[in-house]
K.L.:
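My structure is below; once you've seen it, I'll send some questions.
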Amino acid sequence: QVQLVESGGGLVQPGGSLRLSCAASGSIFRVNAMGWHRQAPGKERELVARIITGGSPYYGDSVKGRFTISRDNAKNTVYLQMSSLKPEDTAVYYCDADLVTPGLTWSYTYWGQGTQVTVSS
């Protein structure tokens, strides 16, 4: 059983900052990648940022230069530092982890429950 638990969402004023965290726990053999998606009301879920183990981070165009993704591999934790936040960043943010559990040779993508980020004055 694998669980992803997010934290750090909340209400912030435009121009402010927030840091999201997501920890993967349970029976994990190898983590291939971790990332963040978001979904605003009435919109499709979009990729915000992703980082492959041993690779460079990838950012969606709308957050480049404002958001930074990082990982603590020892803790199977991914972070999203969000700066210069805009009202259009308001959404539920979901973390995901593409990982392999013991006894399997293929990976599976697990999702967190989501955390609300609201940017408003």
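Given the structure is predicted, the values throughout are model-derived calculations rather than measurements.
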K.L.:
Side-chain contact, heavy-atom cut-off 4.5 Å: P87 with S120?
P.N.:
no

K.L.:
Give a yes-or-no answer on whether the side chains of R38 and S62 include a donor-acceptor pair shorter than 3.5 Å.
P.N.:
yes

K.L.:
Counting only heavy atoms not in I52 (residues, nucleotides, ligands), do more than 12 fall under 6.0 Å from its CD1?
P.N.:
no

K.L.:
Looking at R66 and S84, what are the two nearest heavy atoms and their distance?
P.N.:
NH1-O, 3.0 Å

K.L.:
Please report the interatomic distance CD(Q1) to CD1(I28), rounded to the nearest 0.5 Å.
P.N.:
11.0 Å

K.L.:
Any idea which heavy atoms bring T53 and A33 closest together, and the distance?
P.N.:
OG1-N, 4.2 Å

K.L.:
Is L104 reachable from Y108 through a run of hydrophobic residues whose side-chain heavy atoms are each under 4.5 Å from the next?
P.N.:
no

K.L.:
Side chains of P14 and K86: does their closest heavy-atom pair fall under 4.5 Å?
P.N.:
no

K.L.:
Over all heavy atoms of both residues, which pair between R71 and N32 is shortest? Give the atoms and the distance, please.
P.N.:
NH1-O, 4.2 Å

K.L.:
What are the two closest non-hydrogen atoms of I69 and P57, and how far apart are they?
P.N.:
CG2-CB, 3.6 Å

K.L.:
Inspect the contact between K64 and D61 and indicate whether a charged nitrogen and a carboxylate oxygen are less than 4.0 angstrom apart.
P.N.:
yes

K.L.:
For the residue pair V31 and D98, establish whether any side-chain heavy-atom pair is separated by less than 4.5 Å.
P.N.:
no

K.L.:
Would a distance-only check, ignoring hydrogens and angles, find a side-chain to backbone donor-acceptor pair under 3.5 Å from S21 to Y79?
P.N.:
no

K.L.:
Testing the basics here: between Y94 and G114, what is the closest heavy-atom pair and its distance to 0.1 Å?
P.N.:
CD2-CA, 3.5 Å

K.L.:
Which word best sums up how the rings of Y93 and F67 line up, parallel for under 30°, tilted for 30 to 60°, or perpendicular for over 60°?
P.N.:
tilted

K.L.:
Answer yes or no: is there a side-chain heavy-atom contact under 4.5 Å between W111 and L4?
P.N.:
no

K.L.:
Could you walk me through whether L18 and L85 pass the side-chain contact (heavy atoms from CB on, under 4.5 Å) check?
P.N.:
CA-CA 8 Å; L18 274 178; L85 283 161; 4.2 Å; yes

K.L.:
Can you list everything that forms a ring pair (Phe, Tyr, Trp, His ring centres under 6.0 Å) with F29? Sequence neighbours excluded, please.
P.N.:
none

K.L.:
Between R45 and W36, is NZ or CZ placed under 6.0 angstrom from the six-membered ring centre and within 45° of the ring axis?
P.N.:
no

K.L.:
What are the two closest non-hydrogen atoms of G112 and E6, and how far apart are they?
P.N.:
CA-OE2, 3.4 Å

K.L.:
Quick one: OG on S25 to CG on N76, what's the gap to the nearest 0.5 Å?
P.N.:
9.0 Å

K.L.:
Before giving the answer on side-chain hydrogen bond (donor to acceptor under 3.5 Å, both in side chains), spell out for Q116 and T118 the whole-Å C-alpha distance, their side-chain angles and the decisive distance to 0.1 Å.
P.N.:
CA-CA 6 Å; Q116 177 71 46; T118 302; 3.3 Å; yes

K.L.:
Is there a side-chain contact (heavy atoms from CB on, under 4.5 Å) between T68 and L80 once you walk through the steps?
P.N.:
CA-CA 6 Å; T68 301; L80 186 68; over 6 Å; no

K.L.:
Just wondering, are more than 12 heavy atoms of other shown residues or ligands nearer than 6.0 Å to CD in E44?
P.N.:
no

K.L.:
Quick check: is V48 connected to V92 through a chain of hydrophobic side chains (ILVMFWY, heavy atoms under 4.5 Å apart)?
P.N.:
no

K.L.:
Any chance you could measure Q81, atom CD, to S70, atom OG, to the nearest 0.5 Å?
P.N.:
8.5 Å

K.L.:
Just by distance, no angles: are the side chains of S107 and R30 close enough, under 3.5 Å, to form a donor-acceptor pair?
P.N.:
no

K.L.:
Walk me through it: do V100 and T105 pass the test side-chain contact (heavy atoms from CB on, under 4.5 Å)?
P.N.:
CA-CA 7 Å; V100 181; T105 57; over 6 Å; no

K.L.:
Evaluate D89 against V117 for side-chain contact (heavy atoms from CB on, under 4.5 Å), listing each step before the verdict.
P.N.:
CA-CA 8 Å; D89 293 317; V117 172; 5.6 Å; no

K.L.:
If you count every heavy atom of other residues, nucleotides or ligands that lies below 6.0 Å from Q3 atom CD, does the total exceed 12?
P.N.:
no

K.L.:
With rounding to the nearest 0.5 Å, note down the distance linking OH in Y58 to CD1 in I51.
P.N.:
14.0 Å

